[in-house]
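Worth saying up front: this structure is predicted, and the values here are computed from it rather than measured. The chain is numbered in sequence order, starting from 1. Heavy-atom basis, side chains included; hydrogens, waters and symmetry copies ignored.
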Amino acid sequence: MDDEGLDVSACVTAVHAGDESAARALMAHLQPTVAKIVRANLPRRTSEEDMMQMVYIKVFTRLHQFSGLVPLHHWVSRVAVNECLAQIAKERVRPEVRWADLSEQHEEVLTALLHSEEDLPPGSEMASREIVDKLLEGLSPKDRLVITLLHIEERTLQEVHAITGWNISVIKVRAFRARLKLKKRYDIIIKQLQ
């Protein structure tokens, strides 16, 4: 029994038996987990709803593989992450961030970062996030995932391990290399400003 009163084990058993109401209850139970992972790893050309449907299809077609040795949320998280990464790989378009592609507000944020040690001006959060998104687009799906989980969502190494199934050492190395790639891309943009 979890904190919401849903007996997950009984619900999974009922889904195996073909109980549609149990499947709906399980989907409702998993929705926050799936939605959070999809939002964090949404492919550029796929809508959030479509991606969530793809995840649910994968979860329910592979539910027979769920052993119960780990919590269902961990297993579903791994399925969701892998499905998002697979979709991102299908869309594998890695545009280079060019200065000409950035808006005036993006230019102001980057100029402020370049010429000042102070905090960014108020109201620049959206432009800052868009710059980060543009930089992340150039990373491989796995690099983007590790940066998002560790540095944007501020998850621990153990949480990233639970979500991805990757060894802690692999996570550290991938994060280090991804940060180097981000810095290189950022430096290219900054050189265009100078």
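Between atom NZ of residue Lys58 and atom CE of residue Met54 there is a gap of 10.5 Å, rounded to the nearest 0.5 Å. Distance check: His161 NE2 to Trp166 CH2 gives 12.0 Å after rounding to the nearest 0.5 Å. Within the model, atoms OG1 of Thr164 and CZ of Arg155 stand 10.5 Å from one another, a figure rounded to the nearest 0.5 Å. The CD1 atom of Ile171 sits 8.5 Å away from atom CG of Leu149, with the distance rounded to the nearest 0.5 Å. The structure places CZ of Arg39 at 4.5 Å from CD of Glu48, a figure rounded to the nearest 0.5 Å. Between the CG atom of Leu85 and the CD atom of Gln87 there is a distance of 11.0 Å, given to the nearest 0.5 Å.
For the pair Ile152/Leu136, a side-chain contact is recorded, criterion being any heavy-atom separation below 4.5 Å from C-beta on. In this structure, the side chains of Leu145 and Leu139 stay at 4.5 Å or more apart for every pair of heavy atoms. Proximity of Val59 to Trp75: side-chain heavy atoms (C-beta onward) are separated by under 4.5 Å at one or more points. The closest side-chain heavy-atom distance from Cys11 to His29 is not below 4.5 Å. For the pair Val76/Phe66, no side-chain contact is recorded, criterion being any heavy-atom separation below 4.5 Å from C-beta on. For the pair Leu182 and Asp143, the minimum side-chain heavy-atom distance is 4.5 Å or more. Between Leu150 and Leu157, the closest side-chain pair of non-hydrogen atoms falls below 4.5 Å.
More than 12 non-hydrogen atoms from other residues, nucleotides or ligands lie less than 6.0 angstrom from CD of Gln65.
Looking at every heavy atom in both residues, Met27 comes nearest to Phe60 through CG-CE1, 3.4 Å. When all heavy atoms of Asp19 and Ser21 are compared, the pair lying nearest together is OD1-OG, 2.6 Å. The heavy-atom pair separating Pro141 from Ile88 by the smallest distance is CG-CG2, 3.2 Å. Between Ala178 and Val146, the shortest heavy-atom contact is CB-CG1, 4.5 Å.
Residue Ile147 is grouped with residue Ile168 when hydrophobic side chains (ILVMFWY) are merged at heavy-atom distances under 4.5 angstrom, including chains of intermediate members. A single hydrophobic cluster is not seen to contain both Leu72 and Ile57; linkage of ILVMFWY side chains at heavy-atom distances under 4.5 Å, directly or through other members, places them apart.
Judged by distance alone, the side chain of Asn82 and the main-chain N or O of Arg78 form a donor-acceptor pair under 3.5 Å. Judged by distance alone, with hydrogens and angles left aside, the side-chain atoms of Glu159 form a donor-acceptor pair with the main-chain N or O of Thr156 at under 3.5 Å.
For the side chain to side chain contact (heavy atoms under 4.5 Å, CB included) test with Ser9, the passing option among Val12, Leu6, Asp7 is Asp7; the others fail.
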Worksheet item: Please walk me through it: do His16 and Leu63 pass side chain to side chain contact (heavy atoms under 4.5 Å, CB included)?
Response: CA-CA 8 Å; His16 284 305; Leu63 195 56; 4.2 Å; yes
Under 3.5 Å, side-chain donor or acceptor atoms of residues 30-38 against the rest of the protein: list the pairs with distances, not counting sequence neighbours.
from: Thr33; atom 1: OG1; to: His73; atom 2: ND1; distance (Å): 2.7

